[in-house]
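Note sheet for the following structure.
Owing to the predicted nature of the structure, the values given are computational and were not obtained by experimental measurement.
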Amino acid sequence: DDALALPVRTGRARVIGLQPRSLVTLNLVRDVAVDDAGLFQCALNPSLTKIAVIERHKATGKIGLGLLEGYGLRGGAVATTISHDSHNIVAAGDNDADMLLAVRELERLGGGIVSVHEGVIRRLPLPIAGLMTSEAPETVSATLRAMIEAAHTELGIPEGVEPFMSLSFMALPVIPELKLTARGLFNVNLFSFVGVEACSPEPPRKPISTRSPTTSSPSDVRSPRSPRPCSTAASRFSSTARKRKRADKCSRNALNCAA
């Protein structure tokens, strides 16, 4: 099954840089090793994890693929239907077989959180929209704690990274810098989709001006007669007041003539 095949023929890839205890990611470019077919393989790139976002609401077949640095997962996969804000399936792993196994288990459960390690599947079913369950809170809490502990000890995810919630926010394309959706990688700084394959780093954002407030560029200089943008409403109010004043004066003149 090549649904998760990720070509990187340039040998350079844009990578989502996961930071400990943070939802803000980094937009990185890394040299990556590929197989003879030009496909990314985690076995050749031990510092990187493959990540996928799979549309699950309308059966569109859309799958966004990317690479994650800092997640540290080895020897399995994690998948969940808690994936802000669209709540598609988000999966990460170091091999396609375990990622697909985790995704198919989610389908069987009707949603939830799944981890796979050496063929052993751990699961927290969330059959209500893939987000909630009717099970007792104590049961859910105990299951989740055990899964988090196993993700750290068995899959090697660092202690500074929450294994499931961190993954859930990798699909939220409003928090800088680089995120993944079912339509592909999204550069939040540029507010545009970008490809995984890269030849060079993204262009830097335009720096915030540090120009002294006493200096101005020609485009900043307004004509003395040009109204300030914020004075438009005030100008209309003043004009209306003048018209009323003239009308009142005319009315008084008319009354004087009648007297």
Straight-line distance of [X] [atom1] to [Y] [atom2], nearest 0.5 Å:
{"X": "F164", "Y": "S166", "atom1": "CZ", "atom2": "OG", "result": "10.5 Å"}
{"X": "L67", "Y": "C42", "atom1": "CG", "atom2": "SG", "result": "7.5 Å"}
{"X": "T181", "Y": "F193", "atom1": "OG1", "atom2": "CZ", "result": "4.0 Å"}
{"X": "H152", "Y": "E159", "atom1": "NE2", "atom2": "CD", "result": "4.5 Å"}
{"X": "I89", "Y": "E55", "atom1": "CD1", "atom2": "CD", "result": "9.0 Å"}
{"X": "L185", "Y": "I16", "atom1": "CG", "atom2": "CD1", "result": "5.5 Å"}

Locate the shortest heavy-atom distance separating [X] from [Y]; write the atom from each residue and the value.
{"X": "L155", "Y": "V78", "answer": "CD1-CG2, 3.8 Å"}
{"X": "L26", "Y": "L178", "answer": "O-CB, 4.1 Å"}
{"X": "S168", "Y": "T80", "answer": "OG-CG2, 4.0 Å"}
{"X": "I157", "Y": "P163", "answer": "CD1-CB, 3.8 Å"}
{"X": "E177", "Y": "N27", "answer": "OE1-N, 2.9 Å"}
{"X": "L6", "Y": "L65", "answer": "CD1-CB, 4.0 Å"}

Please check if [X] and [Y] belong to a single hydrophobic cluster, counting links between Ile, Leu, Val, Met, Phe, Trp and Tyr side chain heavy atoms closer than 4.5 Å.
{"X": "L18", "Y": "F186", "result": "no"}
{"X": "L23", "Y": "I82", "result": "no"}
{"X": "L131", "Y": "M165", "result": "no"}
{"X": "L167", "Y": "I148", "result": "yes"}
{"X": "V53", "Y": "V194", "result": "yes"}

**Q.** Pairs satisfying side-chain hydrogen bond (donor to acceptor under 3.5 Å, both in side chains), at least one member in residues 31-51, at least two apart
**A.** R12-D31, D35-Q41, K50-D96

Please confirm whether the backbone N or O of [Y] pairs with a side-chain atom of [X], one donor and one acceptor, at under 3.5 Å?
{"X": "H57", "Y": "S86", "answer": "yes"}
{"X": "Q19", "Y": "S22", "answer": "no"}
{"X": "R183", "Y": "K62", "answer": "no"}
{"X": "N187", "Y": "L190", "answer": "yes"}
{"X": "T81", "Y": "G130", "answer": "yes"}
{"X": "D94", "Y": "G75", "answer": "yes"}
{"X": "S141", "Y": "P137", "answer": "no"}

Q: Not counting sequence neighbours, which residues clear ring pair (Phe, Tyr, Trp, His ring centres under 6.0 Å) with H87? List them please.
A: H84

Are any of the side-chain heavy atoms of [X] and [Y] separated by less than 4.5 Å?
{"X": "F169", "Y": "T25", "value": "no"}
{"X": "L4", "Y": "I63", "value": "yes"}
{"X": "V34", "Y": "L39", "value": "no"}
{"X": "I175", "Y": "V24", "value": "yes"}
{"X": "D85", "Y": "L172", "value": "yes"}

Q. Taking it one step at a time, do L101 and V114 satisfy side-chain contact (heavy atoms from CB on, under 4.5 Å)?
A. CA-CA 9 Å; L101 179 59; V114 171; over 6 Å; no

Q | Ion pair R108/E105, N-O distance below 4.0 Å | A | yes

Q | Evaluation steps, side-chain contact (heavy atoms from CB on, under 4.5 Å), between Y71 and I51 | A | CA-CA 10 Å; Y71 193 56; I51 181 172; over 6 Å; no

